[in-house]
Chemist: 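Dumping the structure here so I can ask a few things about it.
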There are 4 protein chains.
Amino acid sequence: MTKTVGHSKANRNARNKVARNTPADNKTARKKPKFLRRGPDRRRQIIAAASELFARNGFEGTSIRDIAAASGVLSGSLYYHFPSKEDLLFTVHQESLTAMRNEVETAIAGISEPWKRLDEAIAAHCRILLGGRVTRAILTPPRYYNLRGVRKLVRQRDDYEQIFANLIDDLPLKPDCDRQAFRLSMLGAMNWTVFWFSAGGRLSVDEVGRQIALMVRGAAKDAPSKK
Amino acid sequence: MTKTVGHSKANRNARNKVARNTPADNKTARKKPKFLRRGPDRRRQIIAAASELFARNGFEGTSIRDIAAASGVLSGSLYYHFPSKEDLLFTVHQESLTAMRNEVETAIAGISEPWKRLDEAIAAHCRILLGGRVTRAILTPPRYYNLRGVRKLVRQRDDYEQIFANLIDDLPLKPDCDRQAFRLSMLGAMNWTVFWFSAGGRLSVDEVGRQIALMVRGAAKDAPSKK
Amino acid sequence: MTKTVGHSKANRNARNKVARNTPADNKTARKKPKFLRRGPDRRRQIIAAASELFARNGFEGTSIRDIAAASGVLSGSLYYHFPSKEDLLFTVHQESLTAMRNEVETAIAGISEPWKRLDEAIAAHCRILLGGRVTRAILTPPRYYNLRGVRKLVRQRDDYEQIFANLIDDLPLKPDCDRQAFRLSMLGAMNWTVFWFSAGGRLSVDEVGRQIALMVRGAAKDAPSKK
Amino acid sequence: MTKTVGHSKANRNARNKVARNTPADNKTARKKPKFLRRGPDRRRQIIAAASELFARNGFEGTSIRDIAAASGVLSGSLYYHFPSKEDLLFTVHQESLTAMRNEVETAIAGISEPWKRLDEAIAAHCRILLGGRVTRAILTPPRYYNLRGVRKLVRQRDDYEQIFANLIDDLPLKPDCDRQAFRLSMLGAMNWTVFWFSAGGRLSVDEVGRQIALMVRGAAKDAPSKK
DNA sequence: TATGAATGAGTCTTCATTCAT
DNA sequence: CATGAATGAAGACTCATTCAT
């Protein structure tokens with residue numbers, strides 16, 4: 001009944017080093033820039049490849065070799081950069097959430113009208129989500145990984161979603177509207193788009209965001225339409 | 001070092017009937033209850049177990065052995081009932097969709113007011129979804145299976161969702177509201193609940209449905225509140 | 001390095017019963033002819049089906065279920081008639097060899113000229129071999145089965161081939177011709193036909209036999225020797 | 001009860017070089033000689049082991065684990081060198097055919113008398129066949145593999161056998177001798193030797209070849225025909 | 001840093017065999 | 001006699017991971 005995941009001896013000990021490997025500190029950790037290293041950053045390449053593959057095929061559906069191939073490396077080499085597949089997932093997550101946070105915070109900066117702020121946040125969230133640069137795993141944190149890892153993951157995600165919680169707190173909503181349910185439903189509507197949106201289809205990314213914002217307005221006390 | 005997969009503990013409660021047959025007590029309980037679980041019940045048991053596991057862990061995240069163990073059989077025995085894991089998934093899908101269709105159609109039968117019909121449909125969808133009897137896989141058809149199989153799957157799901165399309169067609173919506181986007185967003189809000197709803201939490205299943213219905217009302221031309 | 005074949009508990013004990021199950025004594029062993037039993041003889045049906053399948057796909061390439069299906073039974077039922085797959089093979093063998101022996105002995109009966117006798121024996125051997133009623137396994141006794149079984153098999157085959165040894169003994173051959181090598185090469189030429197002969201092709205079964213007889217004549221005393 | 005597969009004992013002598021790496025002594029000999037068997041030799045070792053095992057036990061009768069064990073590797077490692085068992089078979093085939101072609105072409109080079117050329121070709125074919133370095137599978141292409149693969153196999157084999165067709169074309173044969181049947185029967189006589197020849201027996205490899213050549217001469221124009 | 005090669009546990013699946021009915 | 005259902009060992013293959021070079 002207990003499923004084991006891999007045989008990752010290095011998981012615990014090695015994770016510490018990398019887990020907080022934000023873009024910030026791999027700038028400092030870079031040593032001996034040999035002439036052999038192509039591209040500006042192998043590590044970035046790997047993250048990008050992993051991000052896309054995880055998003056497309058899921059965590060279990062993506063093999064380390066897939067990621068390696070997409071990064072132009074052999075699978076063994078990945079382990080120089082990341083101690084385990086799970087760690088790579090965590091990093092991808094973190095990067096994704098950071099990117100989303102940036103996008104959303106930038107989008108709402110300087111706007112004060114509450115509904116307008118929400119509109120922009122929704123638009124930003126959809127924009128980055130459907131841009132294909134973030135991982136589907138963000139959205140569906142697999143509950144079955146070892147707990148330590150997932151807790152961190154979930155905490156990060158919750159931190160990000162707190163932005164929306166704050167936005168919603170500022171909204172005048174009908175009294176029987178539960179703000180938590182509202183937030184989660186709204187995020188659901190947005191996140192779900194990854195399963196049906198297709199680039200180049202009838203609806204543009206922007207239009208998708210606009211429609212969700214439109215739908216969500218309804219909970220307002222007086223259901224005001226956008227002006 | 002082997003990592004354990006978290007939820008393994010949580011499995012117990014959901015499987016009391018079957019749990020007796022785990023490898024652990026094989027040694028003592030063997031041989032006697034073999035023929036007791038015969039008949040078409042076995043098939044149902046397997047479908048139920050698979051449904052739950054697929055829902056919790058995804059298709060790739062669920063092993064045939066997991067399903068077998070949860071059904072009180074050995075892995076080889078599954079193949080007496082289903083020709084392949086994929087086939088099992090398809091069956092689970094079909095059953096899930098049939099169950100959902102029944103629940104929803106029953107719920108809206110005899111109701112004529114369009115918004116009320118939608119309310120009931122939402123409630124029914126959430127009810128069955130969060131009852132744990134349907135598979136997350138319905139919701140996120142993995143694109144990478146063999147195409148023939150998936151096409152069938154997607155067609156079935158689309159057939160089901162057509163119910164909602166029809167419901168929405170009858171709704172008086174604001175002119176700038178795209179009915180397709182509306183439907184997909186609404187389904188997203190509902191389907192996403194499987195990722196955050198927890199039974200016994202603050203919100204009941206019914207309340208969740210009510211809140212989604214509430215949110216969604218906003219897109220109405222005049223945003224009428226429930227009476 | 002040691003491969004186990006199945007988990008056939010019943011092999012030894014049960015084999016005794018069946019191993020000498022010639023057509024002769026299953027006529028006596030037949031009891032209670034219920035109205036349910038279709039066809040003259042289930043047992044024969046199974047042997048026929050097995051014979052053809054072994055011949056076409058080899059021993060490992062044929063599953064008990066294949067044989068069962070081809071006999072109109074379920075796999076479990078085969079075990080009423082034969083204690084194991086290997087035993088079935090042995091029976092098939094025996095039947096094949098008996099059939100071949102009959103065919104060959106009939107063909108040469110009443111002929112006295114040694115070369116003519118050989119011609120007829122070759123023709124008969126090819127006839128029955130290419131008639132599809134005997135198993136390829138006769139020809140290539142897999143050396144890796146449990147020794148007891150194979151030894152019996154090989155003995156049977158050698159008994160049959162003794163007919164040819166006798167035929168050859170009567171032949172006036174060149175002094176440097178080794179009669180054993182002659183026999184084995186000739187049998188090789190004949191047996192190999194199963195790998196290339198195709199019914200309905202340019203050459204008839206009879207013609208194939210004739211050509212082999214023709215080729216083989218070369219070893220005659222008065223054939224031209226190497227210079 | 002588990003049956004052992006006979007020849008397992010006979011494996012030892014043929015595998016002395018590698019046998020050290022069997023599971024048995026893994027415990028003591030581990031970790032040290034890992035990198036010693038690197039390089040393209042591994043590939044050769046695997047091909048050699050596979051060739052022998054396929055020849056002895058057939059394709060279905062040989063497990064990937066058998067081959068791995070005989071190569072001093074674990075089964076998973078084979079897949080680093082060959083993408084599939086079938087692919088390994090194809091490679092073994094190709095190597096075998098190449099080896100045979102070389103041997104035969106070398107043997108007949110510089111000889112002009114047609115019968116003498118055939119004698120040498122037969123000798124060469126038998127020599128390499130009975131040297132144990134080629135696979136029985138060459139000879140009996142199992143018809144049930146995926147068609148694409150088998151077709152390639154068969155084509156290769158036919159290419160090789162074309163050498164003999166050419167040789168035979170130069171032969172003055174009796175008018176009623178079918179040259180195709182002659183070739184196939186002759187090849188049958190040769191190929192069949194793998195089923196009866198035993199090294200160290202009464203007949204040497206060379207003698208076997210000589211005897212087949214002798215037998216085959218019968219089809220010569222001036223050999224005595226049937227009366 | 002990267003790679004080639006290996007590892008070993010795990011995956012899905014097949015199959016000979018058993019046995020209660 | 002036949003069947004439906006199960007068993008469990010083995011099969012081919014995958015994959016995260018390791019490590020000497």
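To find a chain, count down the sequence lines: A is the first, B the second, and so on, and within it residues start at 1.
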Chemist: Under the side chain to side chain contact (heavy atoms under 4.5 Å, CB included) test, which residues partner Phe82(D), sequence neighbours left out?
Modeler: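 Phe82(D) satisfies side chain to side chain contact (heavy atoms under 4.5 Å, CB included) with Arg43(D), Ile46(D), Ile47(D), Leu88(D), Thr91(D) only.
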Chemist: Let me see the working for Phe59(A) and Glu60(B) under side-chain contact (heavy atoms from CB on, under 4.5 Å), right down to the final yes or no.
Modeler: CA-CA 9 Å; Phe59(A) 182 72; Glu60(B) 283 99 346; over 6 Å; no
Chemist: Want to settle it: does Ser63(A) or Ile46(B) sit nearer the 5' end of DNA chain F, counting the closest nucleotide to each?
Modeler: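 Looking at the nearest nucleotide for each, Ile46(B) comes out on the 5' side.
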Chemist: For Phe82(B) and dC12(E), give me the distance from atom CZ to atom P, rounded to whole Å.
Modeler: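 The distance from CZ of Phe82(B) to P of dC12(E) comes to 15 Å, rounded to the nearest Å.
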Chemist: Mapping Leu78(A) and Gly76(D) onto DNA chain E by nearest heavy atom, which one lands closer to the 5' end?
Modeler: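 Mapping each residue to its closest nucleotide by heavy atoms, the 5'-most match is Leu78(A).
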Chemist: From C-beta outward on Leu74(A), which listed nucleotide comes closest to its side chain: dT7(F), dT3(E), dT17(E)?
Modeler: dT3(E)
Chemist: Is there a side-chain contact between Ser77(B) and the phosphate of dT7(F), meaning an N or O under 4.0 Å from OP1 or OP2?
Modeler: yes
Chemist: Mind calculating the distance between CD (Gln45(A)) and C1' (dA2(E)) to the nearest angstrom?
Modeler: 13 Å
Chemist: Work out which heavy atom in Ala49(C) is nearest to a heavy atom in Ile67(C); give both atom names and the distance.
Modeler: CB-O, 4.2 Å
Chemist: Partners of Ser84(B) by side-chain hydrogen bond (donor to acceptor under 3.5 Å, both in side chains), sequence neighbours excluded?
Modeler: none
Chemist: Need to verify one output field. Residue with the more 5' nearest nucleotide on DNA chain E, Arg65(D) or Thr62(C)?
Modeler: Arg65(D)
Chemist: Would you mind telling me which of dA16(E), dA16(F), dC12(E) lies closest to the side-chain atoms of Tyr79(B)?
Modeler: dC12(E)
Chemist: Rounded to the nearest angstrom, tell me the gap between atom NZ in Lys85(A) and atom C1' in dT18(F).
Modeler: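 Those two atoms, NZ and C1', are 17 Å apart.
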Chemist: Nearest to the side chain of His81(A), which nucleotide is it out of dA2(E), dA5(F), dA12(F)?
Modeler: dA2(E)
Chemist: Can you tell me which nucleotide in dT17(E), dT7(E), dT13(E) comes closest to the side chain of Ser84(B)?
Modeler: dT13(E)
Chemist: Could you give the CG-to-P distance, from Asn57(B) to dT11(E), as a whole number of Å?
Modeler: 12 Å
Chemist: Between P on dA9(E) and CG on Asp66(B), what's the gap in Å once rounded to a whole number?
Modeler: 18 Å
Chemist: Classify the nucleic acid contact of Ile64(C) as base, sugar-phosphate or nothing, counting any heavy atom under 4.0 Å across all strands shown.
Modeler: base
Chemist: Who are the side chain to side chain contact (heavy atoms under 4.5 Å, CB included) partners of Ala48(B), not counting sequence neighbours?
Modeler: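 Ala48(B) satisfies side chain to side chain contact (heavy atoms under 4.5 Å, CB included) with no residue once adjacent residues are dropped.
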Chemist: Is any side-chain nitrogen or oxygen of Tyr80(B) closer than 4.0 Å to OP1 or OP2 of dA6(F)?
Modeler: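 No.
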Chemist: Look at the side chain of Ser63(D) and the backbone N and O of Arg65(D), then say whether any donor-acceptor pair between them is shorter than 3.5 Å.
Modeler: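 Yes: the side chain of Ser63(D) pairs with the backbone of Arg65(D).
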Chemist: Which residues satisfy the side-chain hydrogen bond (donor to acceptor under 3.5 Å, both in side chains) test with Ser77(A), sequence neighbours excluded?
Modeler: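 Once residues adjacent in sequence are excluded, Ser77(A) has no partner under the side-chain hydrogen bond (donor to acceptor under 3.5 Å, both in side chains) criterion.
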Chemist: Not counting sequence neighbours, which residues clear side chain to side chain contact (heavy atoms under 4.5 Å, CB included) with Ala69(C)? List them please.
Modeler: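 Scan of Ala69(C) (side chain to side chain contact (heavy atoms under 4.5 Å, CB included), adjacent residues dropped) gives none.
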Chemist: Should Arg42(D) be listed as having a side-chain N or O under 4.0 Å from OP1 or OP2 of dA6(E)?
Modeler: yes
Chemist: Taking a pair as Watson-Crick (N1 to N3 plus N6-O4 or O6-N4) or G-U wobble (N1-O2 and O6-N3), both under 3.5 Å, which stems of 3 or more consecutive pairs involve DNA chain E?
Modeler: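 As far as DNA chain E goes, consecutive pairing (with distances under 3.5 Å) yields the stems E:2-21 with F:2-21.
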Chemist: Nearest whole angstrom, please: distance from the P of dT11(E) to the CZ of Phe59(B).
Modeler: 13 Å
Chemist: Calculate the interatomic distance between Ile67(D) atom CD1 and dC13(F) atom P; express it in whole Å.
Modeler: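 Atom CD1 in Ile67(D) sits about 10 Å away from atom P in dC13(F).
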Chemist: Rounded to the Å, how far apart are Asp41(B) CG and dG4(F) P?
Modeler: 16 Å
Chemist: State which of dA5(F), dC13(F), dT7(F) makes the closest approach to the side chain of Ser75(D).
Modeler: dC13(F)
